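Okay, structure first, notes after.
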Amino acid sequence: MTYRAVLGTRHVLRLLAGTLTGRMPSGMVAVSLVLWITGGGRSLATASTLAAVYGLAASLTQPLKGRLMDRHGQTRVSAPASVIASGSLLALPVIGPDDSLWAIGAAVALAGLANPPLESGLRALWPSVVTDPGQRKVIQALDTGSQGLMYVTGPLLATWLATSFGADTALAAASALGMLGTAAVLTSTPSRAWRPGREEATEATRPASRKRLASGGMVLLCTGLAALGVSLGGLSVWAAAIAELHRANWLTGVVPAAFSTGSFLGGLFFARLRRRATPATQLICTAALFSTGWLGLLIQSGPQAAMVAASLPGLFLTMVITCGFETVDTIAPAARSTEAYSWLILAVGTGQATGTVLAGTLADHLLGLSALPAAGAALATAVFTLSRPALGPRRRPGRHRRTSTPPLFRRHR
């Protein structure tokens, strides 16, 4: 299965590019906030806490927005959410970094809470856009890997804009890119045609369906992914600490970019890999590799070695996340797939915010800060391993709702 064949499928490139652009604030805001707050004379701990508030707020409402999307379609949810999120980011330069922390925190929290659920929405669109099961596996891995580009381009772009034109410009650019990408996705034919079918919408309202979504397997999977998110949250603070240690501010953006580059390359490899094991088994194996990759951070060395050390665990991130989504396909009800994907995003985001706060408390203890990502990934591996029986397949992956009208967008079983 070639990348050219998959990417040549109608609508694929637009949906990938639009989602990547629309989610660019997720890659830019954390770095922009750190540079904006510290540039205003406040501490790194304060900056990391605000970055954590944004990440946590962005994750908390994902399941609610996913459920609303399953019932009312994508445009009615993501369009107003994008306007509110972008407006809140634009309000920060008006408030100023030296103004009330309550006002800053409120704007940051609102920007996160209103963050549109583009990734879970895109996951729900793929079965109607890419109907071949083999191509769908490739596009899902490419989807996860390409999102890593957001964390390559985002930090670099934010760092460059902040150092060249000021952090206010970086925040404004994040706001504009978020709205532009969301508009590109919502005006596409698959997004406009996508509707929850009557049968699935009815199932989504039944109490039994709610119980199935909140199964033991889903809870354990989300717990493991939250532990995985701790690793991601610790990385950005570790990068800032390394940059301060070596007096090289550029490392703040380059180290996360190196990690995300590894994630993208790992995703390209994983998309072409023939996989015979169950998603749960693949999840455990890739999580173990991910936790091992973090050990390089414990080696205290120069800037170049720090970039290499950050790229190693990145090679396995796309693999873990892809296996997590594929595991959801086997244990969650098809009628609530968008909401189920949103719970995974919430789990990772919550863990990431927790990791950022924990890393902030360890900012003056470099060895402990360096060990935090490996500890989070090791905990995730342990959770996945112990919960293996609950993560087994319960239904055939890839079953999703019907879409309206065009044959191209009808459900294929």
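Predicted model, so just to flag it, every value in this text is computed and none were measured.
For the 3.5 Å distance criterion, the side chains of Arg14 and Ser191 fail to qualify, holding no donor opposite an acceptor. Side-chain contact annotation: Ser78 with Thr182, donor-acceptor N/O pair under 3.5 Å absent. Checking Arg123 against Thr19 by side-chain atom types alone, no donor-acceptor pair falls below 3.5 Å. Thr46 and Thr49 share no donor-acceptor pair across their side chains, judged by distance under 3.5 Å alone.
A distance-only check finds no donor-acceptor pair linking the side chain of Ser86 to the backbone of Val83 [under 3.5 Å]. A donor-acceptor distance shorter than 3.5 angstrom exists from the side chain of Gln74 to the backbone of Gly121, with no hydrogens or angles considered. Using modelled atom types, one side-chain atom of Ser311 and one backbone atom of Val308 make a donor-acceptor pair closer than 3.5 Å. Using a distance-only test at 3.5 Å, with no hydrogens or angles considered, a donor-acceptor pair links the side chain of Ser342 to the main chain of Gln62. Between the side chain of Ser164 and the main chain of Leu161, no donor-acceptor pair closer than 3.5 Å is present.
Nearest approach of Ala107 to Ile95, heavy atoms of both residues: CB-CD1, 4.0 Å. Residues Cys323 and Phe270 share a closest heavy-atom pair of SG-CZ, 3.7 Å. Counting all heavy atoms, side chain and backbone alike, Ala227 lies closest to Ala380 at CB-N, 3.7 Å. Nearest heavy atoms, Gly293 versus Leu312: O-CB, 4.0 Å. Considering all non-hydrogen atoms of both residues, Gly112 and Lys65 come closest at O-NZ, 4.5 Å. The two residues Ser32 and Ala158 make their nearest non-hydrogen contact at OG-CB, 3.4 Å.
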Go through the steps for Leu122 and Tyr341 under the test side chain to side chain contact (heavy atoms under 4.5 Å, CB included), then give the verdict.
CA-CA 10 Å; Leu122 181 61; Tyr341 297 146; over 6 Å; no
Please test Trp294 against Phe259 for ring-ring contact (aromatic ring centres under 6.0 Å, His included), starting from the C-alpha separation and ending with a verdict.
CA-CA 11 Å; Trp294 285 110; Phe259 174 82; 5.4 Å; yes
The test is side chain to side chain contact (heavy atoms under 4.5 Å, CB included); show your working for Val357 and Thr354 and say whether it passes.
CA-CA 5 Å; Val357 173; Thr354 303; 5.9 Å; no
What's the verdict on side chain to side chain donor-acceptor pair (under 3.5 Å) for Ser260 and Ser263, showing C-alpha distance, side-chain angles and the deciding distance?
CA-CA 5 Å; Ser260 299; Ser263 175; over 6 Å; no
Derivation and outcome, side chain to side chain contact (heavy atoms under 4.5 Å, CB included), residues Phe290 and Ser231:
CA-CA 10 Å; Phe290 184 63; Ser231 301; 4.2 Å; yes
Please test Thr322 against Gln282 for side chain to side chain contact (heavy atoms under 4.5 Å, CB included), starting from the C-alpha separation and ending with a verdict.
CA-CA 10 Å; Thr322 299; Gln282 295 176 48; over 6 Å; no
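Taking the six-membered ring where tryptophan is involved, the planes of Trp160 and Phe165 are perpendicular, since the angle between them exceeds 60° and thus also 30°.
To the nearest 0.5 Å, atom CD of residue Glu326 and atom CG of residue Leu283 are 10.0 Å apart. A distance of 13.5 Å separates CZ in Arg76 from CZ in Arg71, rounded to the nearest 0.5 Å. Atoms CG and CD1, on Leu391 and Ile284 in that order, are 7.0 Å from each other to the nearest 0.5 Å.
Between Phe384 and the options Leu221, Thr327, Leu220, a side-chain contact (heavy atoms from CB on, under 4.5 Å) holds for only Leu221. Looking at Leu89, Val29, Leu33, Leu101 one by one, the single match for side-chain contact (heavy atoms from CB on, under 4.5 Å) with Val108 turns out to be Leu33. For the pairing with Val320, the side-chain contact (heavy atoms from CB on, under 4.5 Å) check across Leu289, Thr381, Leu228, Val348 returns one residue only, Leu228.
Within the 4.5 Å cutoff, side-chain heavy atoms of Asn115 are placed close to those of Ser26. Within the 4.5 Å cutoff, the side chain of Glu119 has heavy atoms near those of the Ile345 side chain.
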